[in-house]
> 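Structure in structure tokens, see below.
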Amino acid sequence: MAATGHADTDFGHTNVGHTNVGHTNVGRTDVGHSHVGHTNVGHRELIEAVHRALTTHGRAVLTGPAGAGKTEVAGAVAAAARGRGETVLRLAPEAADQWIPEASAAALLASVPRTALERLAGPQRTAIALLRREADAPGAGRDHVALRLAVVEVLRTLSAPGPVLLVLDNAQWLDAESTDLLRFVLRLTPPRVRVLVAERVQGGAPVAEPLCGPGTPAVRVPALGADEVAELLLRHDLPARLAGRIHQASGGNPRLALALGHSLAEACGGPGGGAHHADTLPVSGQARDVARRLLAGAPARARRTLLLAALAARPTTALLRRAGRPDAEEELAEAERAALVTVGEDGAVTFTAGALPTALAADAGWPERAAGHAALAAAVDDPVQAVRHRALAVDTPDARLAAEITDAAAACRRRGQRALAAELGLLAAERTPAFQHREELARLVAAAEDAGWAGRADLARRATRAVLARDASPAQRVRARLAVIDAAGQALADLDETIAHALADAAGDPSLRAAVQLRIAWKHNIGDGDPVRSRDAAAEAGALAKAGGDQVAEAMALTVRARMGRILGDPDAEDILAEALALPAPEVPLGMRNAPQYLAVRHALFDDRLTDARRQLLVLLPAVQRTGSAEDVFEVLRSLTEVELRRGRCAPGAAHARRALELTIEAGLSPGPAWYVAATAEAAGGSFARAAGYARRGIRASEEEQDQVFLSRGLYALGTVELATGDAAKAVATLRRVAELEEAQQVVDPSVLRWHGELAEALIAADDPLGAAELLDRVTPVARSLGRTGVVASLDRARALCRSAQGEPEPAVALLARTAQRFEALGLPLEQGRTLLALARVERRRRRRAPARTALAAAAEVFGRAGAKPWLDLARETPGDSAAPHPGAAALTEAEARLALLVGGGASNQEAAAKLFLSVKTVEARLTRIYQKLDVRSRAQLATALRGG
């Protein structure tokens with residue numbers, strides 16, 4: 001009998017060295033019948049949990065919604081079993097198989113080797129032969145008892161030489177006859193036959209428990225986290241900057257995440273495309289198919305309730321009951337069992353994936369959506385939402401309704417809900433009658449500006465296109481185009497055409513030209529990495545603003561000049577900032593992030609005046625939260641994170657970083673800055689590994705958006721982690737990229753991004769103290785002349801390590817001790833702790849173990865008070881005998897000693913090069929110096945010298 005499902009058998013002869021239980025492997029995902037690709041993300045702990053359940057109980061059930069990765073996990077478990085030499089039987093029926101009697105049983109037996117069947121008794125062989133042949137008349141004249149006993153005997157035969165793993169994937173699609181047969185068979189199989197059943201969570205009765213018996217351990221495939229979705233996108237060459245949005249839209253379902261990413265790439269003309277981080281994700285093509293398959297798990301009677309929930313802004317069970325769904329709780333409970341929604345204790349309804357409500361609304365016809373909005377308009381208790389639903393329930397112009405929507409948008413603006421204000425502004429324009437041309441244009445321009453303020457690039461472009469298609473004035477066209485620029489966040493590199501049109505429209509109006517020049521100044525800094533051109537554009541903007549009597553724009557222009565002046569080492573930067581602060585500007589002009597008040601906070605942070613910076617930030621935070629500008633709130637949270645981490649308060653710093661990341665995802669902001677902030681928080685108080693992951697994603701996102709400023713910062717965060725974790729060669733390469741970017745951006749002031757000391761320390765660790773000394777000699781005079789005390793202390797720590805590497809341990813110890821005291825006086829405990837760690841290393845190299853232990857204990861105390869967990873772990877690595885340098889290595893640098901110990905222990909030059917991330921030529925040159933210092937001529941003599949012989 002032909003079966004449409006899939007079954008395979010493997011007797012341990014397949015090479016599966018690349019996949020085992022200890023590895024992360026997700027295998028493949030399919031959308032319908034189309035191959036999406038290998039994910040290889042997440043699931044390592046999950047695979048191990050399944051293996052433990054199978055080892056302990058002999059049975060395990062794997063559950064999760066469609067696309068969660070059950071097939072991939074089951075495949076990885078099967079591959080691990082093959083790697084151990086076990087026999088693996090795998091059955092994977094398809095949807096059509098559930099209607100064909102005994103289709104799955106036939107597919108399973110078709111995969112069994114003929115030798116296992118030849119040992120069966122006559123009636124049993126006949127029953128199996130009939131099953132495998134009879135496609136036209138299934139079940140006709142067959143001995144079902146003999147068939148069941150035959151399957152039992154086959155499994156016993158296969159398990160005689162060794163364990164058997166039976167994997168039943170897509171168990172929800174087993175036909176009824178095969179389910180009955182397997183239920184009987186699995187009760188009689190020997191213990192050496194282990195069974196893994198993978199079943200989709202859906203509204204129907206589960207199949208796995210009746211097959212495996214009650215009490216079988218169930219392992220649910222969890223949704224991927226935001227980090228794992230980012231990794232998934234990176235591996236598929238999809239834009240990393242969209243990871244937050246795609247995680248939110250997919251709910252962490254890998255199949256849906258990939259489908260959304262591919263749909264977006266197709267809409268934008270290929271991988272990466274021209275997609276913006278805040279664009280609405282297209283739930284079409286593959287993505288809609290996956291969403292529909294997920295929604296199919298809900299009973300038909302619940303779909304109407306789910307549609308109402310999808311149309312509501314803040315759905316609750318009470319709201320849905322008032323909107324005409326009296327059985328909302330029961331219907332939502334069914335949807336919750338199908339993993340489509342979650343219902344909170346307060347009745348709040350949340351879809352597990354943001355694409356689900358979009359798909360529901362798209363699949364519903366206009367009459368059904370209109371009826372839903374009309375029902376919700378009568379049920380909601382928020383007048384703004386009532387107006388919104390009334391507007392969405394009709395599609396004809398209505399002057400009175402348009403005016404009500406405009407009033408609702410103004411109310412949202414006062415509440416700080418600028419994104420909703422933009423949506424309502426567009427609705428108001430759509431409902432405006434044709435004869436009210438002036439009102440329609442005013443509503444479109446206001447909608448564009450609200451969208452720009454909220455960072456909603458999609459809404460800003462939509463409103464601006466409508467403005468440009470009408471008989472708008474030059475001022476209206478400029479305001480709309482400026483909104484598109486403001487909504488772009490860090491992605492300013494591709495806006496030259498928009499800026500050129502805005503300049504042309506602004507000709508003759510100095511205030512409008514000043515506004516455009518301000519955006520040009522911002523672009524030169526962020527997108528071009530050119531502070532000189534940014535400063536010059538800001539100077540022109542200031543002159544134009546003054547001529548036009550626009551003090552707000554004048555203050556903003558002075559702020560840009562002061563910011564660029566600080567970067568360029570201009571001693572007049574503080575005077576320019578004071579001039580900007582003296583102007584009577586509104587509380588939040590053109591965004592707090594561009595205001596002189598906020599730049600004053602940043603300068604306080606650069607100058608290590610952390611108490612002043614924190615006090616001012618706590619004043620600004622409620623102010624920016626009232627305005628509704630997500631970018632402003634993010635900027636304040638970013639600075640609070642940096643201030644708290646520098647003050648040695650890692651827990652509050654991490655909390656601010658989490659809020660900044662959540663806001664970035666929710667508002668669709670550029671993710672590069674948020675990932676940089678998360679990396680710094682993790683590096684200080686969380687995990688070096690997570691910090692490196694965040695930093696790499698931030699680097700990728702900043703490269704995609706051509707954001708030079710945060711590209712440098714992401715690389716800096718990664719380089720510091722690589723240095724802390726001992727990857728000196730990688731740290732040098734990464735931090736040299738920072739140096740190149742900073743040089744290209746003409747950055748002079750070393751307090752803005754303090755990479756210089758880090759690179760010097762990395763060079764020393766990589767056995768290049770001369771390069772480190774050259775860097776320190778170049779930067780230290782600049783830091784001293786500008787009065788950057790904290791920077792000078794960081795450079796002194798590196799200089800002390802340089803002296804130690806050059807054979808001057810006494811001055812190195814004295815300088816490190818003084819530097820630790822200076823960091824303590826400056827209120828920089830993490831830097832103090834790092835200096836004490838460096839002191840311990842130098843003392844240990846001098847074989848002064850008691851002072852080394854004292855320094856380590858002091859460092860551990862400092863890190864413990866700060867909550868700096870990864871650094872505390874480093875400080876707790878007590879220098880026991882195995883960690884102490886060999887007597888013969890006392891004359892070597894740290895880098896030379898590491899190489900000498902490897903080679904003396906038997907490593908080849910190639911092995912040592914790979915271990916130390918060096919080239920073979922570098923290893924050979926370094927070995928030559930080691931031989932000269934220790935006066936040895938062979939590896940055997942080197943080993944003897946290291947033992948002190």
Side-chain angles (χ1 to χ4, degrees), residues 24-31 36-47 49-50 62-74 76 198 200-202 219-236 238-264 277 281-283 286-295 297-298 335-344 349-360 658 661-666 668 671 674-675 678 690 693-694 697 701:
T24 301
N25 188 297
V26 180
R28 68 165 201 208
T29 57
D30 296 304
V31 181
V36 173
H38 293 269
T39 62
N40 299 315
V41 174
H43 298 161
R44 174 176 178 173
E45 294 180 0
L46 189 67
I47 293 167
V50 172
L62 198 61
T63 67
K70 301 179 299 299
T71 295
E72 291 73 26
V73 173
R200 178 194 298 183
V201 172
Q202 55 185 11
V219 180
R220 184 180 179 89
V221 180
L224 296 181
D227 296 350
E228 293 164 330
V229 168
E231 182 67 21
L232 183 66
L233 296 178
L234 288 174
R235 295 191 184 193
H236 286 261
L238 293 166
R241 65 185 181 277
L242 300 171
R245 299 292 309 285
I246 288 179
H247 176 257
Q248 189 179 47
S250 67
N253 183 296
R255 185 181 298 171
L256 182 54
L258 279 178
L260 286 164
H262 285 296
S263 293
L264 187 62
H277 52 76
L281 298 177
V283 185
Q286 289 184 351
R288 186 178 292 188
D289 289 342
V290 177
R292 284 170 174 162
R293 290 176 64 181
L294 290 169
L295 290 166
E336 196 166 19
R337 284 192 291 274
L340 298 175
V341 298
T342 59
V343 182
V349 180
T350 305
F351 283 90
T352 54
L356 298 179
T358 304
L360 278 165
R658 281 193 299 273
L661 187 55
E662 290 166 0
L663 174 66
T664 294
I665 294 171
E666 179 183 341
W675 279 332
R690 289 196 298 270
Y694 279 125
R697 288 192 287 280

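These values consider heavy atoms only, across backbone and side chains, with no hydrogens, waters or symmetry-generated copies. Numbers for residues simply follow the sequence, beginning at 1.
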> Do the side chains of Leu46 and Val219 get nearer than 4.5 Å, heavy atoms only?
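The answer is yes; the side chains approach within 4.5 Å.
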> Any idea which heavy atoms bring Leu256 and Ser250 closest together, and the distance?
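Heavy atoms of Leu256 and Ser250 come nearest at CD2-CA, 3.7 Å.
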> With distance as the sole test, does Thr352 use its side chain to make a donor-acceptor pair with the main-chain N or O of Ala339 at under 3.5 Å?
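Side chain of Thr352 to backbone of Ala339, a donor-acceptor pair under 3.5 Å: yes, one is there.
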> Quick one: does any side-chain atom of Lys70 pair with a main-chain N or O of Ala198 as donor and acceptor, under 3.5 Å?
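Side chain of Lys70 to backbone of Ala198: no pair is present.
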> Minimum heavy-atom separation for Pro254 to Ala68, with atom names?
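That closest heavy-atom pairing would be CG-O, 3.4 Å.
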> Could you give the distance from CG (Leu258) to NE2 (His236), rounded to the nearest 0.5 Å?
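If we round to the nearest 0.5 Å, Leu258:CG and His236:NE2 are 4.5 Å apart.
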> Do Glu228 side-chain atoms and Gly225 backbone N/O form a donor-acceptor pair below 3.5 Å?
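Yes; at least one donor-acceptor contact below 3.5 Å.
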> CD/Gln286 to CG/Leu260 distance, rounded to the nearest 0.5 angstrom?
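Reported value, rounded in 0.5 Å steps: 10.0 Å.
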> For Leu62 and Ala74, which heavy atoms make the closest approach, and how far apart are they?
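Minimum heavy-atom contact is CD2-N, 4.0 Å.
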> Roughly how far, to the nearest 0.5 Å, is the CG atom of Leu294 from the CZ atom of Phe351?
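It is 12.0 Å, given to the nearest 0.5 Å.
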> Rounded to the nearest 0.5 Å, what's the gap from CD1 on Ile665 to CD1 on Ile246? Could you check?
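Result: 12.0 Å between the selected atoms.
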> Nearest heavy-atom pair of Arg220 and Pro65: which atoms, and what distance?
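Looking at all heavy atoms of both residues, the shortest contact is NH2-CD, 4.0 Å.
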> Work out which heavy atom in Gly252 is nearest to a heavy atom in Val229; give both atom names and the distance.
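So the minimum-distance heavy-atom pair works out to CA-CG2, 4.3 Å.
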> Please report the shortest heavy-atom distance between Leu661 and Ala674, naming the atom on each side.
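Here Leu661 and Ala674 meet closest at CD1-CB, 3.8 Å.
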> To the nearest 0.5 Å, tell me how far Asn253 CG sits from His247 NE2.
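Answer for the CG-NE2 pair, Asn253 versus His247, is 10.5 Å.
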> Please check if the side chain of Glu336 supplies one atom and the backbone of Val343 the other of a donor-acceptor pair under 3.5 Å.
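Judged by distance alone, yes, a pair lies under 3.5 Å.
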> Nearest 0.5 Å, what's the CG-CG distance between Leu340 and Leu360?
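Going from CG on Leu340 over to CG on Leu360, the span is 8.5 Å.
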